[in-house]
Student: 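Before I ask anything, let me first share the structure, which is written out below as structure tokens.
Order of the sequence lines sets the chain letters (A, B, ...), proteins ahead of strands, with each chain counted from 1.
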Amino acid sequence: MNIVVAIKHIPSIADDLPVSGNNVDFDSVDFVLNEFDEQSIEQAVLVKEAVGGTVTVVGVDLIEELDNILHLAIAKGADKAVKVTADEPGADSHMQAKWLSEAIKGLSPDIVFAGVQASNDLDGQIGPMIAAHLDMPYIGGVSSVEVADGTATVNKEFAGGVGAKYSVSLPMVVGVQAAAKPPRYAPISKVRQVAQTATIDTVEPSGDASSGLTFKKMAPPVATGHAEMIDGSPKEVAAKIVELLKSKGLA
Amino acid sequence: MLTTVEKIIFILAALTSVGFTYHGFKTIVDSIRKGRPAPELKDIPGSLVKAGVAVLFQQTIFKARKVLSAIHMGLFFGLITYAFVNLTDALEGLIPGFDLVYGGKNIPFKFLPAGVINTFNLIADVMSGILLFAIIVMFVRRFITKDKALTFRDNILLNPKVLAGAQARDSLIVDVFVVMHVGARLLSQAYRLNEGPDPFMPIASFLNSMVGSSEVGVHVAWWVSLGWVMFIIPYLSRSKHTHFFMSPINLGLAKQNPRGQLDPAVPLKVIEGTRFDPGAKHVHDLAWTRVLDAYACVQCNRCQDVCPANFYQRPLSPSALEVNKRYLLKEATFGSHPEKLLLPLTETVISPEAVWSCTTCYACVRVCPVGNEPMADIVDIRRRMLIDGYEIDSGVQNALQSLATNGNWMSKGKRLRGKWAKEMEFPVKDATAEPVDHLWFVGDTASFDERVIPNTKMVARIFNQAGLDFGIMYKEESNAGNDVRRVGEEGLFEQLVEQNMAAFGKSQFQRIVTTDPHSFNTLKNEYPQFGGQWEVKHYTVTLLRLFEEGKLTVKNKLSNYKVTFHDPCYLGRYNGGFTAPRKLLELLGVEFHEMPRNCENSFCCGAGGGQIWMGKVAPGERPAENRIKEALTTFESNASDKKQLFIVTCPKDMIMYSDAVKTTGNEGRIEVRDIIQLIAEAVGVEEPAVAEAVAA
Ligand code: SF4
Ligand code: SF4
């Protein structure tokens with residue numbers, strides 16, 4: 001079975017996000033793997049372990065640092081890696097979905113996994129758009145996948161604790177919310193070994209599908225007030241709160 | 001004395017005994033040799049001699065259990081004496097007329113002066129009494145009063161033979177041997193006394209007054225005494241009492257590298273055609289010196305007594321690890337189960353949960369009288385579990401993942417590492433950009449944890465006040481990797497070392513100072529192996545020097561405080577940093593009280609070896625909580641109404657113990673403070689007033 005995972009390299013929000021001009025300052029931000037993609041890689045490897053096949057991880061190389069991520073994916077159990085060399089750190093999800101689809105087409109996939117969304121665009125679009133480009137069905141918000149005889153059994157979770165189970169004939173695209181098991185840890189020695197031995201296939205970006213949207217302005221939210229700490233015994237604090245509410249005309 | 005027939009039987013029996021003994025020890029040596037190459041040992045004859053002396057004076061056992069150790073000393077000297085006694089007994093049997101009683105006056109040829117023989121007789125006689133007394137105490141301890149220290153908790157993985165009481169059986173056999181052997185020997189001498197009491201053999205003479213003298217008695221008692229020896233010597237190689245022979249050897253071959261330097265995950269020694277996987281899955285993946293540990297183990301459980309994980313009801317006992325190793329090897333080499341050697345250690349020797357409970361506090365290794373290193377085995381097992389894809393605790397996994405991407409375990413961006421420094425009222429130098437005298441390695445907890453940052457800033461203020469030329473590496477610093485290595489993630493440790501080495505390479509500095517004992521340990525003891533040869537100091541040492549040089553002076557004596565001090569494992573037990581913090585406290589003028597468990601015997605807070613990352617918290621009294629109670633008990637016996645402080649010199653301790661004070665409901669009775677807070681108060685450095693006014 002040909003299992004493909006489409007991944008996204010995104011700016012890290014572990015630091016305060018630096019902004020320059022009308023976009024993120026891509027030169028001074030670290031890039032990390034989208035956390036839902038970690039789940040989708042794990043789910044893909046779980047499917048492979050259950051039914052056999054190969055897992056190919058495909059991503060757009062935005063800042064020429066994708067190799068580390070691809071090596072990590074291989075250390076976690078993927079078999080092959082492909083990168084689309086775009087070198088365009090601000091590429092939006094429309095462009096990335098198009099480039100990824102073009103790269104995935106040639107792999108004749110039986111099932112494609114993508115993280116259900118990413119924290120940069122936050123639009124959950126990549127999966128559905130790939131499905132549209134490849135003309136395959138799509139289910140998102142998925143929390144486990146089992147495959148047998150050309151059919152995938154997919155569990156999806158809705159809000160309010162309701163779950164649904166779908167049977168879908170392959171091929172299809174799955175938007176992974178969470179893998180059936182927590183993503184495994186890849187020891188660094190293994191990642192480093194992979195880095196020395198693995199080959200990463202490279203493809204040029206083809207097709208243009210920009211969203212047509214442009215950034216007008218990007219800025220950190222302006223703090224609009226401040227919290228005041230009230231010290232003292234519970235009684236004093238209570239009295240001060242009452243006073244405060246009165247002064248604002250709320251009590 | 002013996003008839004010709006008896007002589008023939010004796011010689012045949014002795015040869016058989018030698019044969020079995022040879023086979024026994026050859027089996028053991030073969031099994032030890034199957035272990036992996038160990039780190040190179042220097043001057044083996046020298047250290048064997050040193051170990052021999054230590055054993056002779058029984059120095060190492062006195063690290064714990066003083067009274068029992070004294071009794072063991074009696075056993076030891078008794079058995080040493082008996083090695084000579086057995087020799088003279090054999091001569092008495094084989095050489096006609098050779099008889100030591102009455103100063104050897106009946107010996108038909110010129111032997112030794114009567115004075116020498118009498119001295120020997122006296123020693124042998126008295127030692128027999130001591131031996132009998134000592135063995136009876138040991139017997140009573142195990143079988144009558146059933147000392148809990150000799151048992152294992154129910155949740156600890158044990159070899160089926162051990163569960164079925166194999167240790168007790170071994171002990172019983174040896175107890176019976178000593179009683180029968182020594183008793184029979186005393187009797188054989190008593191029966192010889194046909195000319196009345198011998199003043200140099202008081203016990204034998206007393207026995208003689210009851211049983212009289214008898215030629216037949218001499219024969220029977222002689223055979224019982226020496227017969228037992230011929231049985232027991234080969235038996236020893238198959239029992240836990242192999243330690244008679246293996247402990248001194250093991251002690252002589254014990255770890256020579258610094259305590260704080262772990263053995264590599266893969267042997268450094270290259271062997272043609274052999275590829276080693278990191279760490280240990282099977283018993284013979286351990287270094288041969290640690291296979292030897294199993295044979296040297298006295299099974300005394302001293303290590304279990306001091307183990308914080310064991311205290312915390314975790315399924316870990318360092319002694320069970322060694323005991324299980326021993327019985328596994330026995331079943332596989334002497335028994336008929338060689339296939340058991342191919343079972344993973346996590347099934348035969350220590351449960352996976354136990355493997356992940358170790359705080360790597362080194363207490364077990366420190367206390368072991370025979371130089372065993374159960375902790376090193378645990379780290380090796382972790383190493384292999386990680387490589388083999390064992391599902392680790394989610395908290396540990398998150399920490400490791402963050403360490404791999406961010407260089408810290410708190411999922412914080414690299415650039416945030418120096419945030420505290422940028423908030424200071426004076427500039428803190430960037431050592432990667434301008435030369436400094438002291439490069440301050442801050443560490444993760446002190447850089448990122450809001451609860452610790454005020455102390456970090458205070459250290460900076462005090463350094464600044466003292467005119468110390470220092471700087472930090474800001475975003476270039478990564479976690480030093482001490483705990484990463486002890487969790488078993490050797491590859492990540494190496495990556496962190498490389499990152500830090502690159503950062504050090506960019507910086508210009510004379511020496512390193514660190515506020516974190518964990519970083520201190522690996523920077524000092526492990527980085528040199530990667531080319532990082534620097535003078536590394538813990539901040540307590542640097543601060544003490546600043547006081548001694550007059551760059552800091554105590555303005556206000558803190559006599560209103562009653563304090564105790566917790567030795568962090570990685571500063572104290574690992575690196576001997578006991579005096580600087582105590583001297584500082586003395587300078588500050590506080591009333592100081594030592595907790596019962598201090599210095600080498602300090603009790604771990606429970607955070608080390610990756611435990612602080614664990615997502616799951618087990619129920620039961622935690623080591624840190626127990627420690628707070630220990631401090632309060634110490635204060636109780638020195639009652640006064642001074643403010644009671646628990647002083648720490650490690651950022652992790654600040655967190656562990658502040659929590660423990662809360663969870664034990666002791667707020668108001670005791671307060672946890674970093675030593676820097678006291679120093680600030682004494683030298684009169686305050687936080688700038690603006691800092692706390694409004695939280696935005
Ligand atoms: S190192 Fe400490 S926690 Fe680990 S086994 Fe030894 S005594 Fe127990
Ligand atoms: S490892 Fe050392 S301390 Fe522990 S039981 Fe064995 S001999 Fe005693």
Side-chain angles (χ1 to χ4, degrees), chain A residues 9-18 24-25 27-35 37-39 41-42 45-46 49 65 68-69 71-73 75-77 119 178-196 220-231, chain B residues 264-266 277-279 382-419 422 448 475 481 484-485 487-499 613 615 692-696:
Chain A
H9 210 192
I10 61 170
S12 164
I13 47 171
D15 279 322
D16 303 331
L17 206 59
V24 173
D25 177 6
D27 288 335
S28 57
V29 73
D30 292 326
F31 271 66
V32 292
L33 177 64
N34 169 29
E35 61 175 308
D37 293 347
E38 276 178 45
Q39 302 285 339
I41 292 171
E42 179 63 32
V45 174
L46 288 174
E49 283 171 354
E65 284 179 16
N68 298 338
I69 303 291
H71 292 147
L72 183 69
K76 288 185 177 213
S119 64
K181 286 212 294 194
R184 66 197 67 194
Y185 180 73
I188 297 297
S189 53
K190 207 164 166 186
V191 181
R192 292 185 149 195
Q193 211 179 324
V194 168
Q196 280 168 12
V222 183
T224 51
H226 68 269
E228 189 179 328
M229 296 314 225
I230 305 176
D231 291 328
Chain B
V266 176
D277 285 327
R382 288 179 173 181
R383 284 167 165 168
R384 183 64 71 82
M385 285 173 96
L386 274 172
I387 294 288
D388 286 348
Y390 172 83
E391 202 177 307
I392 49 176
D393 174 273
S394 60
V396 174
Q397 176 163 341
N398 287 342
L400 294 179
Q401 240 143 22
S402 170
L403 282 157
T405 37
N406 307 312
N408 65 70
W409 58 272
M410 300 167 143
S411 301
K412 295 273 170 68
K414 292 191 178 102
R415 268 170 286 270
L416 296 178
R417 187 178 277 274
K419 188 161 166 262
K422 292 182 186 145
F448 294 109
K475 64 179 193 314
V484 171
R485 191 172 207 200
V487 153
E489 221 316 15
E490 191 74 3
L492 180 54
F493 169 68
E494 284 166 14
Q495 177 176 313
L496 292 167
V497 172
E498 280 167 26
Q499 288 167 4
W613 300 331
E692 270 188 283
V694 175

Student: With a 4.5 angstrom heavy-atom cut-off, which part of B:L416 approaches chain A: side chain, backbone, both or neither?
Tutor: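 Both backbone and side chain.
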Student: What residues of residues 400-410 of chain B make heavy-atom contacts with chain A at a cutoff under 4.5 angstrom?
Tutor: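 The list, in residue order, reads B:L400, B:Q401, B:A404, B:N406.
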Student: So do the side chains of A:S119 and A:I10 get within less than 4.5 Å of each other, counting heavy atoms only?
Tutor: yes
Student: Are the side chains of A:P11 and A:F31 in touch, meaning some heavy atoms are under 4.5 Å apart?
Tutor: yes
Student: Can a donor-acceptor pair be found between the side chains of A:Y185 and B:E391 at a distance below 3.5 Å?
Tutor: no
Student: Can you find a pair of side-chain heavy atoms, one from A:R184 and one from A:V45, that are under 4.5 Å apart?
Tutor: yes
Student: Looking at A:I188, is its backbone amide N or carbonyl O close enough to the side chain of B:E489 to form a donor-acceptor pair, meaning the two atoms are under 3.5 Å apart?
Tutor: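 The answer is yes, because a donor-acceptor pair under 3.5 Å joins these two groups.
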Student: Scan B:K414, B:R417, B:R415 and name whichever one has a salt bridge (charged side-chain N to carboxylate O under 4.0 Å, His left out) with A:D15.
Tutor: B:R415
Student: For A:D16, check salt bridge (Lys or Arg N to Asp or Glu O under 4.0 Å) against everything at least two apart and list the hits.
Tutor: none
Student: Under 4.5 Å heavy-atom distance to chain B, tell me which part of A:R192 shows up: side chain, backbone, both or neither.
Tutor: side chain
